[in-house]
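Numbered from 1 within each chain, the chains take letters A, B, ... in sequence-line order. Side-chain atoms are counted along with the backbone in the values below, which use heavy atoms only and exclude waters and symmetry mates.
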2 protein chains.
Amino acid sequence: MTLGVASAGRRVAPTIRQVAALAGVSRATASRAINGGHLVSPQARAAVEAAVAELGFTPNPVARSLATRRTGSVALVLPEPNTRVLTDPFFASTINGMARALEHTDLQLVLLIARQDGWSTRTVRYLTTGHVDGAVVASHHRDDRLNRELVESGLPCVFIGRPLDVPATARYVDTDNDHAAQLATEHLIGLGRTRIGTIAGPADMSAAIDRLSGWRAAMGAAGLAQDAVELADFTVEGGGAAMARLIEAHPDLDAVFVASDLMASGAVGELSDRGVRVPEDVAVFGFDDLGVATTTTPALSTMGQPIEDMATRAGQILHALLAGEEVEEISVMFPARLVLRESA
Amino acid sequence: MTLGVASAGRRVAPTIRQVAALAGVSRATASRAINGGHLVSPQARAAVEAAVAELGFTPNPVARSLATRRTGSVALVLPEPNTRVLTDPFFASTINGMARALEHTDLQLVLLIARQDGWSTRTVRYLTTGHVDGAVVASHHRDDRLNRELVESGLPCVFIGRPLDVPATARYVDTDNDHAAQLATEHLIGLGRTRIGTIAGPADMSAAIDRLSGWRAAMGAAGLAQDAVELADFTVEGGGAAMARLIEAHPDLDAVFVASDLMASGAVGELSDRGVRVPEDVAVFGFDDLGVATTTTPALSTMGQPIEDMATRAGQILHALLAGEEVEEISVMFPARLVLRESA
DNA sequence: TTGTACGCGTTATCAG
DNA sequence: CTGATAACGCGTACAA
């Protein structure tokens, strides 16, 4: 090995000039031999490869980026003001799915967590100034300028979940939340429950809006009252508190559709603390089918949503976009499915 | 705004040359005015700032990296062959902690999940070829060449958890797993339990090794038998299976120290499936105090480990290292604390 | 097929 | 304080 050693003990990487010199060719030929190897004679190519091996040459990614105007990395943006972003397994699945999509590509995953409210501008700037080639964005709040600015900047991006306040050209993957919520509620109705409440998500998020609307549709169709509604913030604690409010305002409740498993787990805990039996007294139905659904007692019946697959698909679409492939669909919808356990 | 527009509709960013031209100064002066502003006359500086504002100039990060030999990003490496890396809340907390540490710095977080076994070489190459300025590495397996190669490459890095097979100069943050496990086991002994088993983690991971050794120390000191040992893989399922093996081999068991909450939750589930009462028949003690600890029935008594804080500290140390600050400590130990709930 | 030469956008050096 | 000019390392028209 002829690796040089700098003062700090840090290896100093060989450049393509040294490779070219050692191989007895020009830098251009060395470069061609390294990238693809087209238009290079076999002997030149062999010489370059030998030199590369001997020197342990690796192209400097930064220099390459400067020349190609590509960074080779994409961002996964999680715009959550919440301090505890990742305690929500939804994000874990999202990250996992993206990582899987990028696994066999030459794209690197850069994680962007935009916790603070004012950060969307900083995030947008980061994304639109050449740090990354594209972005996947999850979790959308209305009035968050992030999404629109991103789309308008022209940066290739794909959303997980239908984005709000965005040009219709924005690509996204999603489940039909409205329909899924409807199915869930109909299941509760089919169980013979008639006093069915709901714990919805934040009023400024598309998934929450759509699920509440699905619940309303089913309740309306069955001629049932739609007054037992409480909003919460997609957390366990929030779900518990909402359940408390709900049961106190409507003591005759016999079922509740909750817009996420995390909140449902809080709701189940609250009910059990109050000595209310699940599902005998009150049936509880969740959404997501994340790990929590099986750890509660009783285990949650829920609408299963293939979050990881959705994130993977988003990553693949972005990859295709960056590869210059034509992607026809604007939106890709994933099916949700009824997962029946003990709670409803 | 004088932003040009390329054919694809993607804005073409202004360069520092345009700024310099508009401000009537040289590129060098413009650069100085933009970075810090030292050694620049007030009027030149004002002219440059005006030009920057008018053009909406943002320095090209790639070009800057090439010149400064710094990327402005650091990696968080999760070397988990497991397909379900992020279903483990341990990693969620780690990511969260790192993100928090980097929140108010100019460093970007790059997430590296090295799932496949053979990937450590690819990961090492990525890390040592200038993609990032430094790395924080979590979850260490013996015989994984990753850690040693990383340290030997001279890349600034900090480990979360004591790394194995690595030069003694490697920096890390950790809890005293040995001592913590000892305390936990002593608690079980103090409860009057005498037939205490343990579900340990993988034999090739430092945290697992240390916790098992702590259990042994406490058992030995109390003169109790150390034969009820089963290994598992830090997953819920693995914990359940290990519990099954343990209880069948040792039906007289009256307590078990489990090396992680995730495994403990599996163990509790398995016991409950078998009609074994927790803690009346068998007390269960966990480790980590992650969210799962409170969702099981009964809730887990556990050794609390401030994982997020540890990750934050690791990120801060790395940041200090990159800023050229002298960091004295090689290892930073965090205290674990006894968290008593219903299971023991 | 090969080499020359330029461009990528900044920062660093070093005279002035 | 300022301005040429040289790195930084690589890709790639263009000409040979």
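The nearest heavy atom of DNA chain C to Ala44(A) and to Thr15(B) marks one nucleotide each, and the one closer to the 5' end goes with Ala44(A). Where Val40(B) and Asn60(A) meet DNA chain D, the nucleotide closest to each residue was compared, and Val40(B) sits on the side nearer the 5' end.
Side-chain contact check for Thr312(B) and Arg100(B): at least one donor-acceptor pair (N or O, by modelled atom type) lies under 3.5 Å.
Of the possible polar contacts, none joining the Arg171(A) side chain to the Ile317(A) backbone as a donor-acceptor pair under 3.5 Å is found. A distance-only check finds no donor-acceptor pair linking the side chain of Ser93(A) to the backbone of Ile307(A) [under 3.5 Å].
Among the atoms of the strands shown, only primed sugar atoms or phosphate atoms (P, OP1, OP2) are found under 4.0 Å from some heavy atom of Val25(A).
Across Leu146(A), Val110(A), Val124(A), Val132(A), a single residue satisfies side-chain contact (heavy atoms from CB on, under 4.5 Å) together with Val77(A), and that is Leu146(A).
Taking only side-chain nitrogens and oxygens, Thr29(B) comes nearer than 4.0 Å to OP1 or OP2 of dG3(D). Regarding contacts with the backbone of dA4(D), every side-chain N or O of Ser26(B) stays at 4.0 angstrom or more from both OP1 and OP2.
Between the CZ atom in Phe91(B) and the CD1 atom in Ile160(B) there is a gap of 10.0 Å [rounded to 0.5 Å]. Taken to the nearest 0.5 Å, the CG atom of Asp174(A) stands 8.5 Å off from the OG atom of Ser331(A).
We find that CD of Gln43(A) is positioned 9 Å from P of dT1(C), with the value rounded to whole Å. Arg17(B) has its CZ atom 15 Å from the P atom of dG3(D), to the nearest Å. Rounded to an integer number of Å, the gap from Arg69(A) CZ to dG7(C) C1' is 9 Å. For Arg70(A) and dC8(C), the CZ to P distance is 18 Å, given to the nearest whole Å. Between Leu55(B) atom CG and dG9(C) atom P the separation is 13 Å, expressed in whole Å.
Counting heavy atoms from C-beta outward, Val74(A) and His319(A) have side chains that stay 4.5 Å or more apart. Under the 4.5 Å side-chain criterion, counting only non-hydrogen atoms from C-beta, Ile95(A) is in contact with Leu78(A). Looking at heavy atoms from C-beta onward, Gln108(B) lies in side-chain contact with Leu112(A) at the 4.5 angstrom threshold.
Over its full length, the helix from dT1(C)-dA16(D) to dG16(C)-dC1(D) turns its helical axis through 40°, comparing axes from the five pairs at each end and rounding to 10°.
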Report, as a single string ordered 5' to 3', how protein heavy atoms within less than 4.0 Å touch nucleotides 11-16 of chain C: B base, S sugar-phosphate only, - not at all.
BBB---
